[in-house]
Visitor: 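Please find one structure pasted underneath; my questions will follow.
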Amino acid sequence: MIQLTIRTTARVEMIDITDRVAAAVSESGVKNGFCRVFVPHTTAAVTINENADPDVPKDILAAMDRIVPLSAGYRHAEGNAAAHIKASLFGSSQTVLIENGRLVLGTWQSLFFCEFDGPRTRKALVKLTAC
Ligand code: ZN
């Protein structure tokens, strides 16, 4: 298992981790198989979307703030219920195929670590399966 340390700098943020995950795949020597990225946090997530236009992640975060407002009479006393809800909507893992030692992603796709309750120091775990 490979652990990536991710330092977030804002309350909500999408950080492109594609290059770091691709480097882990490359260093592993796995040529064909699966790459699983798991985020072991309850207020952060991982998703795949476009980063060719940096406005896309900004629009996603803005839309999430409209869909899940920061305060809306939530019961969770810690005050970060919106972050928990967003993390569940996005999910805690993604699987990407590995072919010829490279991640198989669409032209416009990137892997994003999604911070919903930052800034914090976070982890993303990467597990590779050759097959
Ligand atoms: Zn909480």
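Whatever order the structure lists them in is the order used to number ligands and atoms, beginning at 1.
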Visitor: Could you work out, with ring-ring contact (aromatic ring centres under 6.0 Å, His included) as the rule, every residue matching Phe116, not counting sequence neighbours?
Guide: Phe90
Visitor: Mind listing the protein N/O/S atoms less than 2.8 Å away from the Zn ion (ligand 1)? Waters don't count.
Guide: His76 NE2, Glu78 OE1, Asn80 OD1, His84 NE2
Visitor: Quick test of your reading: applying ring pair (Phe, Tyr, Trp, His ring centres under 6.0 Å), list the pairs with at least one residue in residues 26-51, sequence neighbours left out, ordered by first then second residue.
Guide: none
Visitor: According to salt bridge (Lys or Arg N to Asp or Glu O under 4.0 Å), who are the partners of Arg102, at least two apart in sequence or on a separate chain?
Guide: none
Visitor: Would Thr8 and Arg122 count as a side-chain hydrogen bond (donor to acceptor under 3.5 Å, both in side chains) if you check the C-alpha gap in whole Å, the side-chain angles of each, and the deciding distance to 0.1 Å?
Guide: CA-CA 7 Å; Thr8 66; Arg122 301 288 207 170; 5.2 Å; no
Visitor: For a 4.5 angstrom cut-off between non-hydrogen side-chain atoms, does Asp65 reach Leu70?
Guide: no
Visitor: Assess, by modelled atom type and distance only, whether the side chains of Thr43 and Asn80 contain a donor and an acceptor separated by less than 3.5 Å.
Guide: no
